[in-house]
Every structure is written in C-alpha cells, then in structure tokens.
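Shown next, in structure tokens, is the structure this report addresses.
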2 protein chains.
Amino acid sequence: MSTRVPQERRRRRPTRSGVLLSEDLIVETALRLIGEHGPEALSVRRLGAALGCDPTALYRYFHGTDDLVLAIADRIIGDAMAGFVPGADWVVSLREMALRVRAGYLAHPRAAAMAAHRVTGRKSEIQAVETGIGLLLSAGFEPAAAARLYLAFIDTVLSHAATDAAFLALPLQQRQADHRAWSNVYQDLDPVAYPALTAVRPALPGMADSSFEEAVDLLLEALAARAPTR
Amino acid sequence: MSTRVPQERRRRRPTRSGVLLSEDLIVETALRLIGEHGPEALSVRRLGAALGCDPTALYRYFHGTDDLVLAIADRIIGDAMAGFVPGADWVVSLREMALRVRAGYLAHPRAAAMAAHRVTGRKSEIQAVETGIGLLLSAGFEPAAAARLYLAFIDTVLSHAATDAAFLALPLQQRQADHRAWSNVYQDLDPVAYPALTAVRPALPGMADSSFEEAVDLLLEALAARAPTR
DNA sequence: ACATTGGGTCAACCCTGTTGACGTAAGGCG
DNA sequence: CGCCTTACGTCAACAGGGTTGACCCAATGT
C-alpha cells in the first residue's frame with residue numbers, strides 16, 4: 001500500500017460517523033488531543049477515535065506517525081509566524097522572531113515538547129528560514145556566515161523554547177518541586193564548601209525562571225558585534 | 001504488586017543463565033545496549049535478553065522504565081563531570097564545562113533525551129552550579145548578574161545538548177529524513193520566492209550539523225564583552 | 001532444620017504502529 | 001444517464017512495547 005499521500009484529494013467521502021477528513025482537521029484534532037490529555041494521548045488509534053474514523057484512515061493523509069508530528073510542528077511554526085513582517089532593524093526583527101517562536105511553543109507546550117527538535121521541511125519552516133537568513137544577509141554577513149550564524153541563532157531559540165515548553169508540560173507537582181529545589185536545597189549549603197553559591201544566595205530563587213530573553217539578548221549582542229555593517 | 005525496590009538486596013540468586021543481577025549491572029548493560037545497537041535498542045524486553053534474565057526481573061530493581069532512565073541519567077552526569085577542575089581562564093573553563101556536558105549527553109543520547117529537562121537538585125548538579133557561578137564571580141560580575149548570566153549560559157548549553165541528543169535519539173530513518181530535508185527540499189526552491197535561501201544554497205547541506213560550538217562561542221563572546229575585568 | 005520471603009520466571013493483558021486486502025461510492029467520461 | 005476507474009474509508013492481523021499478578025524455588029535468619 002506504500003502510503004502514497006497525494007496533495008489534491010477529490011474523492012473524499014464522509015467517514016462512518018459522518019466527518020469529512022482533511023489534513024488540517026487531523027492536525028487540529030491532534031493538537032487538541034495533546035493539549036487536553038498530554039503528549040502520550042497522541043496515538044493513531046486515539047486520534048482515529050477522536051476524529052470518528054478508522055485509525056488507519058490517517059495513513060491516507062500521512063506516511064506515518066513521524067509525518068504527522070512534522071505536520072504538527074509546522075503548524076505551530078506557521079501560527080507563530082503568521083503576520084510577521086521583518087522591519088528595518090535586523091537585530092530587532094530577529095528578536096521578535098525569537099519571541100514569536102517561543103510564544104508559539106508555549107501556546108502548545110506538550111505538542112512542542114515532542115516536535116521541537118525536528119526539521120519539518122515544510123512550508124512554514126521554509127518561510128521562517130528564508131526570513132531569518134535574509135535578515136542576516138541584510139546585516140552584511142557573507143552567505144556562508146549568514147547560514148551558519150542563523151543556524152546557531154535559531155537552534156538556540158528553538159532549544160530554549162523547547163526547554164521552557166517541556167517545563168510547562170510537566171505536571172504541576174513536579175514544577176513546584178523544581179521551584180522548591182532552588183528555594184530550599186540551594187539555601188542551606190555549607191558556606192565553606194560552596195562559597196560562590198553562598199555569595200549569590202539572594203539571587204537563587206529566581207533561578208527557576210526562564211533565561212530565554214537573557215540568552216537571546218546575549219546572542220544578538222554577539223551577532224551585532226560580529227556584523228560587518230550596522 | 002507495587003514494585004517496591006529495596007535498597008539492600010541479600011537474597012539475590014543467579015538467573016536462569018547464571019548472571020547475578022545488580023542495579024549497576026543493569027544500568028551498565030543498558031548503556032552498552034544503547035551504545036552498540038542504537039538508541040531504539042533500549043526496551044525492557046531487549047534489556048532482559050541482553051542480561052540473560054526474564055524482562056520482568058528488572059521490575060525488582062526499578063519501578064518502571066522512567067525510574068531506570070533516571071538512574072541512567074544520574075550515571076551520565078557523574079561520568080561527564082568526573083575529574084573536572086576549573087582553570088585560570090574563566091572563558092576557557094566555561095567552554096570546557098559546556099563541551100563536557102554535551103559530550104556526556106551525546107554519549108547516551110536516548111537516556112539524555114528523556115531526562116534532559118529535569119532538575120535533579122543532587123550533588124553533581126550543585127557542584128556544577130557552584131563551579132560555574134564561581135567562574136563568573138572571578139570574572140568580576142556582581143553576584144546578581146553572575147547568577148542570572150550563569151543561568152542563561154547553562155540553560156543554553158543544556159538545551160542545545162538536549163536538542164543534539166534528541167536528534168541522535170531518533171530512529172535512523174528519521175535522522176536521515178532530516179538530513180534529506182536540508183539536501184533536497186531546500187535545494188529545489190523558487191529563486192524568486194526565496195532569494196535569501198537561494199543566495200546561501202551551497203551552505204545549506206551543513207544545516208543538519210550541530211551549531212552547538214558556534215552558539216557557545218557567541219555566548220562566551222557576549223559574556224566576555226560584558227565582563228568588568230579581563 | 002525450619003519458616004520466611006526476596007526475587008527470578010511465566011503467562012497474560014492491553015497498548016502501540018503498520019500492513020494488505022477489501023469494498024464502496026465519488027467523479028470523469030462516453 | 002450510466003458505466004469504470006480508483007481514491008479512500010474500513011477491517012483483520014501482526015509484531016513489538018510496558019506492566020501486572022501468580023507461582024515457586026532457594027537463600028537467609030533463627
């Protein structure tokens with residue numbers, strides 16, 4: 001059966017329960033499933049049940065689970081970047097890209113946690129890469145450097161966003177436990193054995209907060225310092 | 001059956017094939033399995049087969065897969081930071097910390113991918129934080145800044161390492177698909193619609209490689225630029 | 001030597017992704 | 001209008017996964 005997935009579908013007919021399937025509907029239902037019942041709620045069988053169709057009908061739309069995950073990831077990217085237009089200042093524009101991507105991930109933390117590390121090779125991702133590399137080219141970087149630095153930038157943004165999303169995807173209990181670790185464990189340390197931690201102790205409770213913006217700003221500072229033109 | 005896991009075991013007896021089980025032996029065998037036959041080789045059943053025991057015997061030692069993974073992760077952290085002593089140059093030392101953490105993760109990608117986003121609050125982690133913040137204090141940063149910047153640094157390192165590990169943890173097929181995405185999809189784009197991508201096209205196949213070191217170097221450049229003292 | 005019980009084994013359950021065969025109805029075409 | 005093709009929804013089946021409860025033997029403390 002080789003699971004060919006044609007792009008135009010003319011012959012679709014309602015499922016047993018009357019639903020008209022479509023790639024968009026499947027992706028949206030998957031996002032809803034994950035958002036409501038956690039990442040482990042996403043399985044071909046459960047998705048089929050939620051859609052009111054036979055699980056294997058999904059193979060007419062996606063080559064397999066992996067293909068579906070990539071579609072979900074691309075959807076998140078697309079939603080996050082919708083309506084974004086780069087401005088005159090490339091540093092400001094890259095910063096907004098970073099914040100948008102992170103916001104998109106945080107909007108679907110559980111889906112992001114499973115899709116964040118993939119290369120979708122789909123429409124929304126291609127558009128985002130085009131935009132980002134274009135910004136670095138406009139900053140005067142050589143093509144090879146622009147590609148390399150964009151990769152470092154976007155990987156950092158995506159990795160950080162994935163970490164934040166993964167944290168949000170944790171059960172409330174474990175999240176609180178992480179906060180408590182910084183508040184309790186790190187407050188009761190032997191000053192002799194841990195002089196540095198003792199010196200910065202008042203700042204430690206904030207360690208549970210995200211460092212996303214600080215990291216992005218540091219990275220953009222370094223990029224600006226390396227840029228041929230301002 | 002509640003899978004109680006006692007700490008002292010006095011009554012163990014050899015398995016059917018003559019092996020004496022132990023927590024250490026199980027963790028080591030799991031790491032060996034992953035190293036030899038790829039990340040997807042780790043399953044309770046396969047691990048049992050590799051140990052020459054019934055798969056369910058492992059439940060006498062770990063509450064479940066998750067518990068086993070945490071035990072593995074603990075071992076990885078300890079191994080990665082073993083013997084590390086910070087040197088005189090704080091930039092060089094932070095860089096080595098970053099590389100060590102990443103190397104530890106990459107050595108056991110699947111375990112790292114499953115446990116990367118958790119806060120252990122244990123001895124090794126505390127020691128690492130102490131070392132890192134101490135390095136930033138020695139660079140002349142104020143305590144509050146040192147804590148904040150260390151967090152940005154280590155979060156970036158851990159996130160990136162987790163991303164790289166997650167990629168290695170993918171089944172071979174999906175990894176190759178990611179490579180192909182950069183080699184194929186991004187090579188056949190409309191030059192009018194995607195001018196930036198067209199301009200950097202020769203550099204695109206390298207996009208599948210890790211940007212870890214580039215990102216760390218950029219971050220360290222920014223930190224050095226902000227440091228009160230050289 | 002005996003009673004206790006830790007721990008290795010086995011069978012079973014329900015989950016998962018994926019496949020190949022099957023049939024029905026939708027759409028193109030005469 | 002009605003036939004023919006075939007897209008696509010359905011079904012049954014397979015291999016593999018984690019996990020559980022019952023079983024029972026032997027290692028240990030007395």
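Small disclaimer: the values here were computed from a predicted structure and weren't measured. Note that these values count all heavy atoms, side chains included, but never hydrogens, waters or copies made by symmetry.
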By nearest atom, which of the nucleotides [options] is closest to the [X] side chain?
X	options	value
B/D54	D/dT19, C/dG17, C/dC10	C/dC10
B/R13	C/dG6, C/dT9, D/dC11	C/dG6
A/R46	C/dC22, C/dT16, C/dT18	C/dT16
A/T56	D/dC11, C/dA21, C/dG17	D/dC11
A/V44	C/dG17, D/dC8, D/dT19	C/dG17
B/Y61	D/dG18, D/dT10, C/dG8	C/dG8
B/T65	C/dA11, C/dG17, D/dG18	D/dG18
B/R12	C/dG7, C/dT9, C/dT18	C/dG7

Self-check item: Check: C/dG17 base within 3.5 Å donor-acceptor of A/R45 side chain
Solution: yes
Tell me whether [X] contacts the main-chain N or O of [Y] through its side chain, where contact means a donor paired with an acceptor under 3.5 Å.
X	Y	result
B/R100	B/A82	yes
A/T120	A/A73	no
A/D74	A/E125	yes

Exercise. Could you tell me whether the side chains of B/S22 and B/D24 share a donor-acceptor contact shorter than 3.5 Å?
Key: no
Self-check item: A/E23 and its salt bridge (Lys or Arg N to Asp or Glu O under 4.0 Å) partner, picked from A/R122, A/K123, A/R75
Solution: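 It is A/R122; the other options fail the test.
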Whole angstrom value for the distance that separates [atom2] of [N] from [atom1] of [X]:
X	N	atom1	atom2	value
A/R60	C/dC22	CZ	P	14 Å
B/L20	C/dG7	CG	C1'	12 Å
B/L47	D/dT19	CG	P	13 Å
A/L42	C/dT16	CG	P	10 Å

Quiz item: Base, sugar-phosphate, or nothing for B/R16, non-hydrogen atoms under 4.0 angstrom?
Solution: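 Sugar-phosphate, backbone atoms only, no base.
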Self-check item: N/O (side chain, A/S43) to phosphate O (OP1/OP2, C/dT16) under 4.0 Å
Solution: yes
